[in-house]
Amino acid sequence: MDFPSSLRPTLFMAGPLGLSNVPDLSFMCSWRDALMLPESPPDNSENGAPHMATQLLWEPETPGPLPLLPPGPDPWDPGVTAQDLLFRGGFTFRRKPRAVLDVTEQLSRFLWDHGDIAFAPLGKLMLENFKLEGARSRSKKKTVVSVKSLLQDLGGHQPWGCPWAFLSYRQRRFSILGGPVLGKSVASLLGELLHEELAVRWEQLLLDDAFTGGALAWVPGRTPQVGQLVYPAGGALDKLCFQEVSLTSSGDAQALRDPGHIQLRGPVRQVVTRTVQGESESFGHLPPCLPPLLTCSLTLIFSVPQPCWLSALTTTAPCGSPHLPGELAVCSRSGAVCLWTPQDGLQQVYKDPETLVFCDHSSWRWADFTAHPRVLTVGDRTGVKIIDTQGPPGCGLLLFRGGAEASCQKGERVLLTQYLGTCSPEPLLPTLHLICTQFSLYLVDERLPLVPMLKWNHELPSAPLWAQLLPPPRPGCPRPLLLGAQRGHLRLLHLTGEGASAPRLAGHPQSLPSSSDSLSAFPLLEPKSQWRLQERLKAPTIGLAAIIPFPASEPVLSLFQLSAAGDIFHQRLRLQTDPGATLHAPTASWTPQATACCSRWLKALLKVPPPPPVWAAPTFSHRRLLGCMEQRTGERKGPEGLRAAMAGGRLLQQRDLGPLPSAEPPPAPEPGPEDELSARLEAAWEGQMAAWWERQQGRSSGPSRLPKRHKRRTQLSSTFSSLSGRLGLSDATSPPHSPDRASPEAKLQPPVTPPSHESTQELWAQGVPSERQQTLRDYMAKLPLGGDSPRGVCSSLSQSPSLQATPSSSQTLQERTAELPPRRTTLRGAAVSSSQTSSLRATPSRQRAPVPSGSQPQRKKPRMGF
Amino acid sequence: MSDFSEELIGSKTEDEQEESYVFSGTGMSFPWLQNHIGTIATGGKKEKDFAQTTSACLSFIQEALLKHQWQQAAEYMHSYLQILEDSDSHKRQAAPEIIWKLGSEILFYHPKSNMETFNTFADRMKNIGVMNYLKISLQHALYLVHHGMLEDANRNLSHAETWRYGEKSSSQEVLINLIQAYKGLLQYYTWSKKKLELSTLDEDDYAYNAASQSMLNHSCKTSVNLGALIQTPGVWDPFVKSYVEMLEFYGDRDGAREVLTNYAYDEKFPSNPNAHVYLYNFLKREKAPREKLISVLKILYQIVPSHKLMLEFHRLLGKSEKEDHRKLGLEVLFGVLDFAGCTKNITAWKYLAKYLRQILMGNHLAWVQEEWNSRKNWWPDFHFSSFWAKSDWKEDKALACEKALVAGILLGKGCRYFRFISKQDDEVLRKKIKRIKKSVENHSIVNPGL
């Protein structure tokens with residue numbers, strides 16, 4: 001094994017995470033990584049622009065992956081989302097947003113929905129103070145309250161959430177006296193537990209490490225075109241399936257026959273395959289979640305194609321040895337690392353309940369092999385250590401340290417550690433280890449610990465939990481490294497440099513489509529089904545497998561993704577050969593076969609029964625408790641009266657329904673401070689529109705010292721405008737090619753509130769050629785001062801009567817649309833629709849859409865140098 | 001000057017800025033947390049639309065880059081420059097670095113971009129704000145070096161070298177050292193070119209004197225430039241290499257040795273195998289005594305037992321008269337072959353086969369057994385399985401023979417590997433296989449009596 005004869009210059013600084021007074025010399029992005037220092041003085045003539053030659057691009061055949069198998073029969077529920085957990089109301093934007101767990105609402109929901117559970121113990125305690133049945137007895141004891149009268153006072157109404165509900169004195173007294181007791185105990189006991197639970201759920205939502213490593217594996221068959229996918233299926237992921245798949249050189253992947261399967265008693269979290277000395281092995285892993293039958297987890301070892309149980313281990317996170325058949329490294333959450341060999345069984349080789357570098361609460365541990373078959377790595381959130389299983393216990397050497405050595409950021413933690421020398425019978429990079437954190441990807445050579453050979457900021461929007469190093473698509477080509485994140489995001493990197501040169505990135509990394517990109521291949525559905533489909537496509541990924549079935553001739557990358565809903569998606573990517581054609585990267589389109597496949601799959605999906613509702617209507621237990629009370633007559637009065645009125649064919653009257661609970665009328669909505677519309681209308685009616693306009697202008701035009709920056713920007717932009725074929729702002733902000741992708745801006749737009757003024761301004765400015773903006777601006781500056789402006793304003797208003805609809809109704813409408821599955825709109829579409837709704841409240845000067853063609857819209861003076 | 005004063009304030013609050021990702025109770029930060037929070041923000045004060053559009057634009061650029069759509073990325077970049085006018089001073093200050101990072105990336109890959117465009121961009125970016133001048137200068141120089149523009153790069157670095165801003169912070173100092181070191185490296189390139197020229201000239205020539213004089217000048221400057229950085233802990237292989245070469249050329253052996261010893265043995269430096277390799281090569285050139293060489297390689301052996309110099313180490317140890325050195329020689333060979341990347345190293349197998357016989361003839365069975373004990377439960381499967389027997393025989397018959405001999409010695413005649421190879425009927429190797437069989441008969445440690 002050659003060690004790189006000259007390593008890239010790196011600063012080495014020991015210290016904690018986020019040490020800030022040291023320059024991060026690994027500020028390298030991909031191109032700078034390509035800048036190897038020449039070993040010898042470079043020759044001016046040769047080194048023209050060699051970088052283009054190494055450009056590699058895998059071009060997807062379809063815009064998104066296609067489902068490989070029909071959906072399973074079990075319904076799938078996406079589970080809790082951020083909306084369920086976080087505090088929603090009164091959220092203010094800040095630079096450092098904070099997630100606030102909404103314990104209050106959850107608690108009140110709980111008390112409301114499950115009052116039985118929450119209050120029954122208390123009720124039992126207070127049983128002697130309540131009198132449940134019978135007439136109003138004149139008990140001498142002042143400590144006994146008649147429940148009946150309390151309930152009578154309630155009259156069947158639950159005053160929850162309604163501040164104007166009627167309260168009798170009795171109720172009032174009861175709530176004042178009972179409140180502290182009820183409130184305190186419930187809040188302190190339940191609240192604490194609930195908060196804990198919510199925090200756990202929230203953390204899980206942010207990072208679910210259960211499937212680290214992935215639960216999908218490809219077991220190569222006798223020919224490179226046929227193999228088996230091993231994955232868990234079923235609603236509880238407790239059915240381990242072996243699906244034979246054939247890959248044709250031209251067409252798609254085909255599932256050959258019904259998968260063989262093994263029914264297990266718990267979910268499978270990891271499936272690992274290794275091909276050692278020509279034989280493939282797979283390991284499945286079940287975590288400890290099967291009370292009461294099993295309290296420990298199992299690792300199942302089986303060989304494909306004849307699955308058989310070889311052994312059951314009581315540990316977590318298995319890793320197969322790339323060197324020796326049948327060997328496994330496993331580690332438990334308590335920090336013990338064991339080596340399992342067929343001869344000796346399980347041997348504990350290392351144990352350390354503490355984290356490696358600094359204290360971290362996470363019990364995640366991961367073990368893997370190294371280039372030496374008897375040396376293992378053990379990783380936790382803070383670092384990775386190399387341990388010699390034959391050496392004295394407890395000793396080891398840190399391979400990676402979450403700290404200044406690798407220029408780690410504050411809060412950076414290891415999410416994935418993987419030995420890269422495993423992907424083929426011939427080890428490719430036999431000493432390299434991949435370490436992923438939520439920010440960066442590191443390649444560390446075990447011969448040079450602590451100093452990463454390569455660092456790349458992956459900027460993935462979810463946790464990277466899978467990685468796979470593939471063999472070179474062609475001899476001499478760089479090796480693709482696939483990195484997959486929890487929410488389906490994929491990155492493909494190319495690693496080059498073996499032997500005597502340090503590993504580096506070849507070309508810029510590439511992103512691959514995820515299953516949510518396939519939405520456009522499906523026919524449009526009614527909202528509920530569309531929502532379901534979308535949720536299904538957006539389901540988190542739990543496994544990833546990639547193969548290059550036909551190396552040499554025409555490299556094709558087959559990619560399989562397993563989603564948490566149990567679907568397997570397949571995609572093929574072709575290596576683009578002509579590097580000159582990358583000016584406009586080609587965009588794939590859907591083929592008829594692909595859409596037909598999607599339609600078939602969708603049909604099957606819609607046949608799957610929807611998941612049972614999580615929430616059930618509350619039960620009013622007191623009715624059960626008290627049996628038949630005269631209250632029921634009161635309750636029945638409504639329907640009975642209705643029935644009688646219908647039978648008699650007469651009008652239903654108030655007296656048929658019994659007396660209304662006396663309640664104040666709900667207060668009228670108070671005019672908010674921003675009710676500009678009414679203020680403006682008032683001003684207009686009084687003929688003081690111009691004064692109002694002045695006021696408004698004064699309020700909204702900020703101090704501007706920005707024009708002097710203008711020059712700098714135009715200077716800079718000339719760099720790029722010379723490159724971009726088309727000039728002008730309007731072209732530059734054209735929407736992305738793929739129309740199906742919900743643009744980040746559309747996501748950014750919170751559904752309910754209308755955007756504030758700048759948005760419309762931006763849109764306005766973009767629509768107008770820059771040379772005409774000054775003219776427009778001058779025109780607008782004059783407009784409101786021109787004497788008879790009120791008439792002009794009124795006319796523009798009256799031309800769009802629908803705009804005067806009350807904000808509340810429009811808002812509910814929008815809320816409703818927001819509830820619907822996210823629209824398939826482009827950036828522009830989304831922005832326009834939101835600007836239209838926002839203009840319902842906007843001042844006429846900021847209205848954009850409904851301006852009559854002849855007149856220019858009035859605008860305040862733009863600030864941003866347009 | 002407003003920029004400057006802002007950045008002065010900004011540099012103090014940099015820590016704060018880094019915390020833009022939110023920490024949950026665990027101390028871990030999640031860059032994607034903002035997305036989750038974004039989905040629930042309903043009421044209250046929102047992010048301004050300017051911020052929304054710029055961040056959307058940023059994500060478009062990143063997306064286009066990840067799809068290799070350079071043209072589109074350039075177009076978005078054109079719009080993104082408006083962030084330099086953001087009213088939020090934090091964002092405005094962070095902007096130049098982002099723009100530089102993305103912009104240079106686009107310009108590096110864009111098929112229509114050329115060096116002039118890149119230079120213009122880099123020159124302008126350097127002067128936006130003051131915090132990035134050094135970093136951008138350095139990267140710009142690297143770009144130029146990569147494209148063979150050594151003189152331009154040198155000029156760039158010279159400009160950057162003299163640049164100072166505010167109080168000299170430690171990070172600035174390191175960067176300036178680094179810039180000087182790169183400058184030194186460029187000077188080294190010129191120097192070695194001159195050296196090459198010099199070697200073609202006649203010593204009596206007038207030109208020879210001039211050339212050697214200018215070489216000397218270069219070397220003086222270079223040593224000043226390189227000397228400072230290599231005191232700082234880090235991996236400085238190219239700098240150390242060139243520095244030592246120059247020192248050696250001018251006969252400053254003690255200086256060179258000091259540099260290399262410091263680079264290899266200073267505890268503040270990472271354990272860089274190359275540092276030991278450079279020291280070893282230097283000592284070898286210097287014709288240092290064997291003891292000295294062995295002591296250097298002993299340390300390398302502890303760091304990287306799989307290094308290719310280990311075979312040389314083995315040879316050195318084999319020549320030594322000391323018992324423990326010869327024992328270590330065996331250990332080193334076993335150590336090399338422990339590693340997955342070295343299993344097909346025929347030289348190592350050859351050495352092992354030869355050395356095993358030698359050791360066993362020298363009646364040191366205990367040494368072999370000591371090494372073998374820790375390996376006997378995994379070497380048979382790791383090296384001597386029937387799979388490897390077949391594949392080695394197919395790929396490299398010489399390797400298979402050497403391995404068969406070792407397998408026979410260590411595992412006896414009955415082992416799978418040995419049996420497979422000895423059964424092969426190959427005309428060319430028939431004699432060799434016979435010899436192997438005989439050696440195994442004589443030396444196998446399984447049945448020492450036979």
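These values consider heavy atoms only, across backbone and side chains, with no hydrogens, waters or symmetry-generated copies. Remember, it's a predicted structure, so these values are computed and weren't measured experimentally. Throughout, protein chains are lettered first and strands after them, A, B, ... in sequence-line order, and every chain is numbered starting at 1.
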Test side-chain contact (heavy atoms from CB on, under 4.5 Å) applied to A/E412 and B/S29, step by step: CA-CA 6 Å; A/E412 191 162 348; B/S29 57; 5.7 Å; no
Determine, step by step, whether A/Q510 and B/H68 satisfy the side-chain hydrogen bond (donor to acceptor under 3.5 Å, both in side chains) criterion, reporting the C-alpha distance in whole Å, the side-chain angles of both residues, the deciding distance to 0.1 Å, and the verdict. CA-CA 7 Å; A/Q510 191 191 342; B/H68 292 209; 5.1 Å; no
side-chain contact (heavy atoms from CB on, under 4.5 Å), that's the test. Do A/Q438 and B/M28 meet it? Break it down for me. CA-CA 9 Å; A/Q438 65 272 53; B/M28 185 169 175; 3.6 Å; yes
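Ranked by heavy-atom pairs under 4.5 Å with chain A, the list B/I303, B/V336, B/N272 is led by B/N272. The most heavy-atom pairs under 4.5 Å with chain B, out of A/H372, A/H323, A/E459, come from A/H372. Ranked by heavy-atom pairs shorter than 4.5 Å toward chain A, the options B/V277, B/L65, B/L134 are led by B/L65. Taking A/L205, A/T81, A/T431, A/L85 one by one and counting their heavy-atom pairs under 4.5 Å with chain B, the maximum is reached by A/L205. The greatest number of non-hydrogen atom pairs below 4.5 Å with chain A, out of B/S271, B/A181, B/P270, B/S374, is found for B/P270. Highest contact tally toward chain A, considering only B/W378, B/F382, B/F339, is held by B/W378 [criterion: heavy-atom pairs under 4.5 Å]. Counting heavy-atom pairs closer than 4.5 Å to chain A, the top-ranked of the candidates B/V304, B/D338, B/D381 is B/D338.
A tilted orientation is assigned to the rings of A/F3 and B/H307, their planes being inclined by 30° to 60°.
Listed by chain and number, the residues in a side-chain hydrogen bond (donor to acceptor under 3.5 Å, both in side chains) with A/R491 amount to none (sequence neighbours excluded). Residues satisfying the salt bridge (Lys or Arg N to Asp or Glu O under 4.0 Å) criterion with A/R487, sequence neighbours excluded, are absent altogether.
Interatomic distance, B/K241 NZ to A/S6 OG, rounded to the nearest 0.5 Å: 4.5 Å. Here CZ of A/R374 is found 5.5 Å from CG of B/N377. Values are rounded to the nearest 0.5 Å. We find the NZ-CG distance between B/K101 and A/N457 to be 5.0 Å, quoted to the nearest 0.5 Å. Summarising the geometry, atom CG belonging to B/L33 is positioned 12.0 Å from atom CG belonging to A/L207; distances are rounded to the nearest 0.5 Å. Of the inter-residue distances, the one linking A/F12 atom CZ with B/W236 atom CH2 reads 11.5 Å to the nearest 0.5 angstrom. For the atom pair CG (B/L66) and NE2 (A/H508), the distance works out to 5.5 Å, reported to the nearest 0.5 Å.
Only the side chain of A/H361 comes within contact range of chain B, with at least one heavy atom under 4.5 Å from a heavy atom of that chain. Only the side chain of A/Q390 comes within contact range of chain B, with at least one heavy atom under 4.5 Å from a heavy atom of that chain. Proximity to chain B is absent for every atom of A/A199, based on heavy atoms less than 4.5 angstrom apart. Neither the backbone nor the side chain of B/Y80 has a heavy atom closer than 4.5 Å to any heavy atom of chain A. Interface remark: B/L186 contributes no atoms to any contact with chain A (heavy atom separation under 4.5 Å). Contacts of A/L450 with chain B are absent, with no heavy-atom separation under 4.5 Å from either backbone or side chain.
Of all non-hydrogen atoms in B/Y278 and A/S5, the two that sit nearest each other are OH-O, 2.7 Å. Of all the heavy atoms in B/Y109 and A/G507, the pair that sits closest is OH-C, 3.3 Å.
One N or O on the side chain of B/W32 and one on the backbone of A/L206 form a donor-acceptor pair closer than 3.5 Å. A donor-acceptor pair is defined here as one N or O able to donate and one able to accept, closer than 3.5 Å; such a pair exists between the side chain of B/N274 and the backbone of A/P4.
Residues A/S511 and B/K67 are in side-chain contact: their nearest non-hydrogen atoms beyond the backbone lie under 4.5 Å apart. Contact annotation: the side chain of A/L448 approaches that of B/P273 to within less than 4.5 Å [non-hydrogen atoms, C-beta and beyond].
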